[in-house]
There are 2 protein chains.
Amino acid sequence: MPRMTRQRSAVADALAQVDDFRSAQQLHELLRDRGDAIGLATVYRTLQALVDGGEVDVMRTADGESVYRRCARREHHHHLICRSCGTTVEIDGPSVESWAATIGAAHGFRQIEHTMELFGTCAVCAARTDEAPHAPV
Amino acid sequence: MPRMTRQRSAVADALAQVDDFRSAQQLHELLRDRGDAIGLATVYRTLQALVDGGEVDVMRTADGESVYRRCARREHHHHLICRSCGTTVEIDGPSVESWAATIGAAHGFRQIEHTMELFGTCAVCAARTDEAPHAPV
DNA sequence: CCGGTGTTTGACAATCGTTCTCACTTCTCT
DNA sequence: AGAGAAGTGAGAACGATTGTCAAACACCGG
C-alpha cells in the first residue's frame, strides 16, 4: 500500500502550485530550487503513481516529452493550451464524446477511446504579438 | 533540391505497401528483410522529409514512439485505429473542426489547432475475442 | 561517355528522457 | 527494540532519435 512520505507530498505540492503542464525534469528542478531534496527517479515514480490514481493528467509534447498537470476535474476532459505561454484551460466536449462514439460504431469499432488537445494563442499572448510594430508577413 | 535516390524510393515503396502506422525502426527492418540495404539514419531522415512535405502522417504512440503512415488524403484528417491489430481508418470530422474553433474563440484563443485520434477494437478483433470461451471479467 | 561538385548516405557516437538496479533508509507493527 | 515491507536515490542502463563526417552517388555540362 502507498505510504505518505515527505517526497510524495512535496511533488503533490509542487503540482498544486503551478497551473500548466510541466515535465518531470522541470518539477524536479523546481523542487530542488525550493529546497526539497529529492531524487529524479522518485519524481518520475511519484508522478506515475499520481497518473495511475487519476489525480494527474499526462500529455506528450510534440517532441515526445511527458508533461504533467494537476487537474480540477477528475472526470475525462480535454485541454486548450496556449502555445506561447502554456496557460491551460480545461474543457469538456460532450459533442465530441458522442461524435467519437458514433463514428467508431459506424465503422464497427467497440470500446472507443480518444485523445484530443487544442492548441492556440491566448488573448494575452495575441495582444503582446499584435502590439509589436511593423510585424511583416 | 531533393534528389531521387534508391533509398528514398525504397522508403516510399515500403510505406505504400502497408496500410497502418509503422515506426521508423519497423520500416527499417522491413526494408532490410526485403533486401534493400539502407541505414537507419537514412530511414529517419527520409521519413522526416516526407512528413515535412505532407506526404506522410506522424503520430506518437502511448509509449512515445513516432509512427508513420502514408495517407490517402493529404488534407487534415483524423484516424480511427484498432488497438489490437492496428488497422487504421481515415476519418474527417467537420463537426469537431468547428467545435474546436468555437471553443477556442470562446476562450479568446486564436489560431486554433488540434490533435485527435480515436482508438477502439475493430469488428474482426472483437469477434476473435468474443469467440474465446469462458472469457471472464 | 567523363569528370566535377554539391547532395546523400551510413556506421557509429552522442543525446536525452525515462526506467532499472540495488544498497540503504524509513515506516509500521508488534 | 527488532523484523519485514515500502520508499528512496545515485548512477547505470535503455531505447528512440539525431549528429558527425568521410566515402559514395546523382545530376550537370562538356
Side-chain angles (χ1 to χ4, degrees), chain A residues 1-15 18 20-53 55-70 81 86 115 117, chain B residues 1-15 18 20-53 55-70 81 86 115 117:
Chain A
M1 298 89 232
R3 208 174 265 180
M4 186 46 55
T5 65
R6 174 178 60 78
Q7 293 87 336
R8 219 97 82 172
S9 51
V11 171
D13 249 48
L15 281 167
V18 297
D20 47 7
F21 283 93
R22 298 295 173 91
S23 72
Q25 318 233 22
Q26 288 176 319
L27 289 165
H28 178 235
E29 195 178 350
L30 196 155
L31 287 164
R32 279 282 167 92
D33 289 352
R34 186 217 246 189
D36 293 309
I38 186 172
L40 180 56
T42 302
V43 174
Y44 274 105
R45 270 189 298 244
T46 306
L47 286 172
Q48 194 50 60
L50 290 170
V51 169
D52 292 346
E55 314 223 3
V56 163
D57 275 10
V58 220
M59 201 192 109
R60 291 262 182 190
T61 63
D63 49 294
E65 223 181 345
S66 291
V67 285
Y68 305 84
R69 177 170 195 269
R70 169 80 169 281
I81 304 153
T115 65
E117 306 296 343
Chain B
M1 296 90 231
R3 205 173 268 184
M4 186 46 54
T5 64
R6 176 178 59 78
Q7 292 88 336
R8 216 93 98 172
S9 52
V11 171
D13 249 48
L15 281 167
V18 298
D20 47 7
F21 283 93
R22 297 295 173 91
S23 72
Q25 319 234 19
Q26 287 176 320
L27 289 166
H28 178 235
E29 196 178 351
L30 196 154
L31 287 164
R32 279 281 167 94
D33 289 351
R34 186 217 246 190
D36 293 309
I38 187 172
L40 180 55
T42 303
V43 174
Y44 274 105
R45 271 188 297 242
T46 306
L47 287 172
Q48 195 50 59
L50 290 170
V51 169
D52 291 346
E55 313 223 2
V56 162
D57 274 11
V58 220
M59 203 192 108
R60 291 262 181 190
T61 64
D63 49 294
E65 223 181 346
S66 291
V67 286
Y68 305 83
R69 176 170 195 270
R70 168 80 168 282
I81 304 153
T115 65
E117 306 296 343

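The structure presented is a predicted model; accordingly, all values stated were derived computationally and were not measured.
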Rounded off to whole Å, could you give me the [atom1]-to-[atom2] distance for the [X] and [N] pair?
X: L50(A); N: dG7(D); atom1: CG; atom2: C1'; answer: 15 Å
X: Q7(A); N: dA10(D); atom1: CD; atom2: C1'; answer: 14 Å
X: R8(A); N: dT26(C); atom1: CZ; atom2: C1'; answer: 12 Å
X: Q26(B); N: dT17(D); atom1: CD; atom2: C1'; answer: 15 Å
X: E29(B); N: dA16(D); atom1: CD; atom2: C1'; answer: 15 Å

Flag side-chain contact, heavy atom, 4.5 Å: [X] against [Y]:
X: D36(B); Y: D13(B); answer: no
X: Q25(B); Y: E29(B); answer: no
X: V11(B); Y: I38(B); answer: yes
X: I81(B); Y: M59(B); answer: yes
X: L47(B); Y: L15(B); answer: yes
X: T115(B); Y: T115(A); answer: no

What distance do L27(A) atom CG and R34(A) atom CZ have between them, rounded to the nearest 0.5 Å? 10.0 Å
Calculate, to the nearest 0.5 Å, the distance between atoms OG1 and CZ belonging to T42(B) and R6(B) respectively. 9.0 Å
Under 3.5 Å, which protein N or O atoms sit close to an N or O of nucleotides 25-28 of chain D? Give each pair with its distance.
{"from": "dA26(D)", "atom 1": "N3", "to": "R3(B)", "atom 2": "NH1", "distance (Å)": "3.3"}

Smallest heavy-atom separation, L31(B) atom then A14(B) atom, equals CD2-CB, 3.8 Å
Smallest separation among heavy atoms of R60(B) and A62(A), with atom names: NH2-O, 3.2 Å
Quick one: bend of the helix from dC1(C)-dG30(D) to dT30(C)-dA1(D) from 5 pairs per end, to 10°? 30°
Would you tabulate the pairs of protein nitrogen or oxygen atoms and nucleotide nitrogen or oxygen atoms of nucleotides 12-22 of chain C closer than 3.5 angstrom?
{"from": "dG17(C)", "atom 1": "O5'", "to": "Q25(A)", "atom 2": "NE2", "distance (Å)": "3.2"}
{"from": "dT18(C)", "atom 1": "OP1", "to": "S66(A)", "atom 2": "N", "distance (Å)": "2.8"}
{"from": "dT18(C)", "atom 1": "OP1", "to": "S66(A)", "atom 2": "OG", "distance (Å)": "3.4"}
{"from": "dT18(C)", "atom 1": "OP2", "to": "Y44(A)", "atom 2": "OH", "distance (Å)": "2.5"}
{"from": "dT18(C)", "atom 1": "O5'", "to": "Y44(A)", "atom 2": "OH", "distance (Å)": "3.3"}

R70(B) atom CZ: more than 12 heavy-atom contacts under 6.0 Å: no
